[in-house]
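Just so you know, these numbers use all the heavy atoms, side chains as well, and skip hydrogens, waters and symmetry mates.
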Amino acid sequence: MPQLTSLFAKKETRYVYLVGTTDAEVCVVDGNKQATLIPLKAGEGRTVTGAAPWQVSGVQLKQVQIYFQGGRVTLPEDIQRLKLVEQPVTR
């Protein structure tokens, strides 16, 4: 599973923010193994709170913008599952 980070960590890791560019369904699992299924409509944003590290998966994952630690995470091509790894916060 690819491990991704925020390039410029500006916020704590207590949440992940998701925005659908099209209708999509995403599963988010936090560090405590709490799974949340998120149905997103195009243009809709949702916040999922919990503990790091985070696992995010979905068939339409490429159609979802993922924000972690205050920055957008760049997704590789053809990805359906990833792990978001915490970086030290820079201030």
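Side-chain atoms of Q69 come within 3.5 Å of backbone N or O of K11 as a donor-acceptor pair. The backbone N or O of N32 lies less than 3.5 Å from a partner atom in the side chain of D30, making a donor-acceptor pair. A donor-acceptor pair is defined here as one N or O able to donate and one able to accept, closer than 3.5 Å; no such pair exists between the side chain of T13 and the backbone of E86. Side chain of W54 to main chain of Y15: no donor-acceptor pair is present (N/O by atom type, distance under 3.5 Å, no hydrogens or angles).
When side chains are defined from C-beta on, Q55 does not count as touching L82, because their heavy atoms never get closer than 4.5 Å. V85 places none of its side-chain heavy atoms less than 4.5 Å from the side chain of P53. Side-chain contact between I66 and R72: absent, with no pair of heavy atoms (C-beta onward) separated by less than 4.5 Å. Between R81 and V56 the shortest side-chain heavy-atom distance does not fall below 4.5 Å. Side-chain atoms of T49 and R14, non-hydrogen and from C-beta on, never get closer than 4.5 Å to each other. Looking at P76 and L4, their side chains come closer than 4.5 Å, going by heavy atoms from C-beta outward. Looking only at side-chain heavy atoms (C-beta outward), R46 and L40 come within less than 4.5 Å of each other.
Both I79 and V73 are assigned to one and the same hydrophobic cluster, defined by single-linkage of ILVMFWY side chains at heavy-atom distances under 4.5 Å. Using a 4.5 Å cut-off between side-chain heavy atoms of Ile, Leu, Val, Met, Phe, Trp and Tyr, with links allowed through other members, L75 and F68 fall into the same hydrophobic cluster.
Interatomic distance, K62 NZ to T22 OG1, rounded to the nearest 0.5 Å: 12.5 Å.
When every heavy atom of V28 is checked against every heavy atom of V48, the shortest pair comes out as CG1-CG1, 4.1 Å. Contact record, E44 with P39: OE1-O, 3.7 Å, taken as the closest heavy-atom pair. In terms of heavy-atom proximity, D23 sits nearest to K41 at OD1-CA, 3.3 Å.
None of V16, V19, L18 except one satisfies the side-chain contact (heavy atoms from CB on, under 4.5 Å) rule with Y67; the exception is V19.
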